[in-house]
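In what follows, a structure is listed as structure tokens, so that the remarks can point back to it.
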2 protein chains.
Amino acid sequence: MISFDGFVLEDNVPIYLQIIGYVKRGIVAGSILDGDEMPSRRMLSAMLGVNPNTVQKSYAWLEEQGLVQSRTGAKSCVRVGRDTIPALRQELLGHSLKTMVEAMKQMGMTREEAQAAIASFWEVEE
Amino acid sequence: MISFDGFVLEDNVPIYLQIIGYVKRGIVAGSILDGDEMPSRRMLSAMLGVNPNTVQKSYAWLEEQGLVQSRTGAKSCVRVGRDTIPALRQELLGHSLKTMVEAMKQMGMTREEAQAAIASFWEVEE
DNA sequence: GGAACTGTATCACTGCTATAATACAGTTAC
DNA sequence: GTAACTGTATTATAGCAGTGATACAGTTCC
């Protein structure tokens with residue numbers, strides 16, 4: 001079952017979007033596989049300390065995207081199709097990079113400075 | 001006067017935070033200088049197509065941080081102190097990088113892949 | 001001095017996020 | 001079959017973000 005280890009709540013971003021993002025990034029990374037069981041809504045809400053309705057909202061959204069399949073009474077599970085990963089990768093990376101690069105450019109950073117910053121920060125977090 | 005050229009509204013982020021971020025990044029980049037005049041609340045709200053109260057909220061917040069000085073009746077202007085820029089640079093870069101690097105790592109990317117992605121994206125946006 | 005600007009303040013309203021408490025229906029496992 | 005889980009649905013509440021309209025006080029400039 002998906003553990004949600006290392007999941008930390010962030011400010012200024014809706015919780016349901018953070019949950020959706022966590023699952024999407026996990027699928028891209030291969031740590032979440034097709035057929036994997038999601039925690040139940042109630043269990044995840046207890047794990048994260050948020051309301052069950054908030055979790056339900058993110059699950060419903062993931063189901064609309066075809067990434068999760070639910071049956072009343074049974075556990076929900078992940079659905080990863082043939083072209084799911086490339087599409088998600090493009091979506092996630094594109095958005096992150098766009099935000100990031102635009103911010104760095106507006107701060108007056110060069111491409112070399114940006115890469116150096118990434119490199120040094122990468123070590124610190126390791 | 002600060003032009004707010006190239007400012008584009010983004011989804012899922014409060015507008016007043018986007019305005020604050022734009023000013024902060026401009027100060028770090030040196031495109032916004034000590035003493036520069038801010039557009040009036042009404043003028044900027046018209047330029048961005050948002051409500052004057054939303055702009056007022058961001059200006060009030062910038063004033064609390066000591067980055068903007070306002071006098072009733074006169075134009076507000078930017079205040080950049082001796083250690084403002086390093087502090088802002090640290091704040092902005094740290095937050096952006098943290099979010100970005102964590103997302104990339106969770107997606108299973110290596111440091112080399114991350115830097116390559118930055119590099120290729122940088123060109124596209126140029 | 002007066003017109004046109006500036007900042008400041010207040011009220012009401014909508015929509016979204018999140019919480020809270022239930023209720024009902026279907027499944028899984030013993 | 002029954003208990004304990006699952007998903008689903010409903011209603012109510014609170015707070016924040018954002019819009020809209022309006023009013024008042026101080027400035028700048030002719």
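First the proteins, then the strands, lettered A, B, ... as listed; each starts at 1.
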Per Ala74(B) side chain, nearest of listed nucleotides dT27(D), dT6(D), dG7(C):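 From the listed options, dT27(D) comes nearest.
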Out of dT28(D), dG7(C), dG18(D), which nucleotide sits closest to the side chain of Ser40(B)?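 Of the options given, the side chain of Ser40(B) lies nearest dG7(C).
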May I have the distance from [X] (atom [atom1]) to [N] (atom [atom2]), rounded to whole angstrom?
X        : N       : atom1 : atom2 : answer
Arg41(A) : dT10(D) : CZ    : C1'   : 16 Å
Leu17(B) : dA17(D) : CG    : P     : 8 Å
Ile19(B) : dA17(D) : CD1   : P     : 13 Å
Lys57(B) : dG7(C)  : NZ    : P     : 19 Å
Ile20(B) : dG18(D) : CD1   : P     : 10 Å
Leu44(A) : dG7(D)  : CG    : P     : 10 Å
Gln56(B) : dA25(D) : CD    : P     : 17 Å
Tyr59(B) : dA9(C)  : OH    : P     : 16 Å

Position toward the 5' end of DNA chain D (nearest nucleotide), Thr72(B) or Val50(B):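 Taking each residue's closest nucleotide, the earlier one in sequence belongs to Val50(B).
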Assign each of Asn53(A) and Ser76(A) to its nearest nucleotide of DNA chain D by heavy atoms, then name whichever residue's nucleotide is nearer the 5' end.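 Checking each residue's closest nucleotide, the 5'-ward one belongs to Ser76(A).
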Look at all strands and tell whether Arg42(B) reaches a base, only sugar-phosphate, or nothing, counting heavy atoms closer than 4.0 Å.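 The answer is base, as Arg42(B) lies within the cut-off (heavy atoms under 4.0 Å) of a base atom.
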Residue whose nearest DNA chain C nucleotide is more 5′ - Gln18(A) or Arg71(A):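 Of the two residues, Gln18(A) wins.
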So which one's nearest nucleotide on DNA chain C is more toward 5', Tyr16(A) or Met38(B)?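 It is Met38(B), whose closest nucleotide lies nearer the 5' terminus.
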Please identify each residue that fulfils side chain to side chain contact (heavy atoms under 4.5 Å, CB included) with Asn51(B), with sequence neighbours left out.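 Counting only residues at least two positions away or on another chain, Asn51(B) forms a side chain to side chain contact (heavy atoms under 4.5 Å, CB included) with Asn53(B), Thr54(B).
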Closest approach of Lys98(B) and Phe121(A), non-hydrogen atoms and distance?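 Of all heavy-atom pairs spanning Lys98(B) and Phe121(A), the closest is CA-CE2, 3.5 Å.
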Does a side chain donor of either Thr84(B) or Arg79(B) reach within less than 3.5 Å of an acceptor in the other side chain?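 Note: Thr84(B) and Arg79(B) side chains miss the donor-acceptor criterion.
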Does the side chain of Arg41(A) pick up a donor-acceptor pair with the side chain of Ser76(A) at under 3.5 Å?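 A pair is found: one side chain offers a donor N or O, the other an acceptor, under 3.5 Å apart.
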Quiz question: going by heavy-atom distance under 3.5 Å, is there a donor-acceptor pair between the base of dG18(D) and the side chain of Asn51(B)?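 Result: no qualifying N/O pair found.
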Parallel, tilted or perpendicular: which describes the rings of Tyr22(B) and Phe4(B), with under 30° parallel and over 60° perpendicular?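 Parallel.
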